[in-house]
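Report on the structure given below.
The first residue of the sequence shown is numbered 1, and numbering continues consecutively from there. Because only heavy atoms are used, hydrogens play no part in the values below, and waters and symmetry mates are left out as well, while side chains stay in. Quantities reported herein were computed from a predicted structural model and do not represent experimental measurements.
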Amino acid sequence: MTTTVQTRMLILGSGPAGLSAAIYGARAGLKPIVVQGLQPGGQLTITTDVENYPGFRDVVQGPWLMQEMQAQAEHVGTQMIYDTIVSVDLSRRPFRLTGDGGTVYEAETLVIATGAQAKWLGVPGEQELGGKGVSACATCDGFFYRGKKVAVIGGGNTAVEEALYLTNHSDNVTLIHRRDSLRAEKILQERLFANPKISVLWNKGVERFVGGGQPHGLVGIDLKDTVTGETSHLAVDGGFVAIGHAPATELFKGHLPLDRDGYIEVTPGTPFTSVPGVFACGDVMDKVYRQAVTAAGTGCMAALDVERFLAEADFEAIAAE
């Protein structure tokens, strides 16, 4: 027998965006339901030291921060459900979504906060040294490499921006790229080449992230020339993989407009999608900032807009009687 769950506010995703939306929605009396998805807590659950989230004098652990956010959301009236949505129907309200166990969710409003994941190289040492020298976010982790030697892997806008940002902390930044030219915008390339703190290694692919030392962490990167096949080793303290992000939007193809990179398109400066009553927040719609605090901010915006949307819908329903 199919189980049907009805709610005024359904939230997909339980990272900073989804939980912030839940906190505000619950405080507005909307009794939101959060479907947590494949990675409860989002990207912060695989992040160790968090030093840039407001409100904490000392470094906090990402998993702990997400546990606290979830506890706060539940405390004010949010229901958390461990499920993964496999199909959606946004053609009419209430929206209908189906979980992988067959549960049907009927929602008057939907907040999409499914996030995005950094793309990784998939080479040896990458996962083992994650948080121990290997990172996918210079803005998040660059501060920990003050005065140290770092490398950025990639050739697009993200990689160049990460390399430029890291010069705020390091005088020795190396950009590693598989080709002999960059894909980044010309203005960014000009800034990169003009910066004396940055050097570029062309036609180099990463073969392995090498760990060592006490405590155990990244000590270098093994490289292979993509033209000659020659191998080499670059000693570094930090390695930043910057080859792009993949938003979790496969579920919404054909239901919502996505941009060329797969991010949900919203009205600029708002969480409004093209479907009235459907809102998107966090990294699933933000390819620029991708920070926990900005995700939380857009989650707040989504909840406030959900509240206004439902109030207007209720008023129209009463007026029509």
Side-chain angles (χ1 to χ4, degrees), residues 15-16 39-68 117-154 158-159 161-178 195-201 204-226 230-245 290-293:
Q39 188 176 21
Q43 287 288 291
L44 277 183
T45 59
I46 57 172
T47 303
T48 51
D49 294 344
V50 177
E51 198 171 34
N52 56 4
Y53 198 86
F56 302 98
R57 180 188 309 177
D58 298 319
V59 173
V60 297
Q61 298 299 298
W64 175 86
L65 181 59
M66 296 319 301
Q67 288 172 8
E68 291 298 299
Q117 292 189 335
K119 296 179 181 178
W120 296 96
L121 297 168
V123 300
E126 188 174 51
Q127 289 189 351
E128 295 84 349
L129 294 168
K132 300 176 183 177
V134 176
S135 171
C137 182
T139 308
C140 308
D141 300 327
F143 182 77
F144 299 111
Y145 298 92
R146 289 167 292 174
K148 297 182 178 181
K149 186 176 181 179
V150 297
V152 177
I153 300 98
T158 299
E161 289 170 348
E162 298 265 274
L164 290 167
Y165 172 81
L166 285 167
T167 61
N168 294 320
H169 305 294
S170 171
D171 293 333
N172 193 331
V173 179
T174 302
L175 181 70
I176 301 169
H177 187 41
R178 292 183 56 85
N195 195 311
K197 297 180 181 180
I198 301 174
S199 59
V200 181
L201 289 179
K204 296 292 188 293
V206 174
E207 291 285 286
R208 177 186 299 271
F209 290 99
V210 181
Q214 290 295 332
H216 188 73
L218 181 71
V219 296
I221 302 175
D222 286 343
L223 304 170
K224 184 176 183 179
D225 193 288
T226 57
E230 180 184 359
T231 59
S232 58
H233 178 82
L234 179 68
V236 292
D237 302 295
F240 294 84
V241 179
I243 57 174
H245 286 73
R290 296 194 299 262
Q291 299 297 302
V293 67

How about V236 and T174: do any of their side-chain heavy atoms sit closer than 4.5 Å?
no
Tell me, please, which residues at least two apart from S135 pass side chain to side chain donor-acceptor pair (under 3.5 Å).
D141
Table please: side-chain donor-acceptor pairs of residues 144-153 below 3.5 Å, with sequence neighbours left out.
residue : atom : partner : partner atom : Å
Y145    : OH   : G133    : N            : 3.4
R146    : NE   : F143    : O            : 3.0
K149    : NZ   : A235    : O            : 3.4

Apply side chain to side chain donor-acceptor pair (under 3.5 Å) to D222 and list each qualifying residue two or more places apart in sequence or on a separate chain.
H233
So, T226 side chain and R178 main chain: donor-acceptor pair closer than 3.5 Å or not?
yes
At what distance, to the nearest 0.5 angstrom, does OG1 of T139 lie from CG of L166?
8.0 Å
According to side chain to side chain donor-acceptor pair (under 3.5 Å), who are the partners of N195, at least two apart in sequence or on a separate chain?
none
The criterion is salt bridge (charged side-chain N to carboxylate O under 4.0 Å, His left out); which residues satisfy it with K119, sequence neighbours excluded?
none
If you measure from CD1 on I243 to CG on L121, what distance do you get to the nearest 0.5 Å?
4.5 Å
Residues, nucleotides or ligands: over 12 heavy atoms within 6.0 Å of Q127 CD
no
Here the side-chain hydrogen bond (donor to acceptor under 3.5 Å, both in side chains) pairs for residues 207-216, sequence neighbours left out, are none
Among all residues two or more places apart in sequence or in another chain, which pass the side-chain contact (heavy atoms from CB on, under 4.5 Å) test with T231?
K224
Exercise: identify the closest heavy-atom pair between T158 and A242:
CG2-CB, 4.0 Å
Pick out which of I176, V123, V210 makes a side chain to side chain contact (heavy atoms under 4.5 Å, CB included) with I221.
I176
Sequence neighbours left out, what passes side-chain contact (heavy atoms from CB on, under 4.5 Å) with V293? Give chain and number order.
Y53, P54, Q291
By side-chain contact (heavy atoms from CB on, under 4.5 Å) - contacts of Q117 (at least two apart):
Q39, Q43
If you take all heavy atoms of C140 and N52, which pair is closest and at what distance?
CA-ND2, 3.8 Å
Got V50 and F56 here, is their nearest side-chain heavy-atom distance under 4.5 Å?
no
Looking at E68, I want to see if its CD is surrounded by more than 12 non-hydrogen atoms of other residues, nucleotides or ligands under 6.0 Å.
yes
Full working for side-chain contact (heavy atoms from CB on, under 4.5 Å) between V241 and V206:
CA-CA 10 Å; V241 179; V206 174; over 6 Å; no
Let me see the working for V134 and W120 under side-chain contact (heavy atoms from CB on, under 4.5 Å), right down to the final yes or no.
CA-CA 11 Å; V134 176; W120 296 96; 4.0 Å; yes
Taking side-chain contact (heavy atoms from CB on, under 4.5 Å) as the definition, give me every residue that meets it alongside Q67, ordered by chain and number, with sequence neighbours left out.
none
Return the minimal non-hydrogen interatomic distance between P16 and A292, and the atom names on each side.
CB-O, 3.6 Å
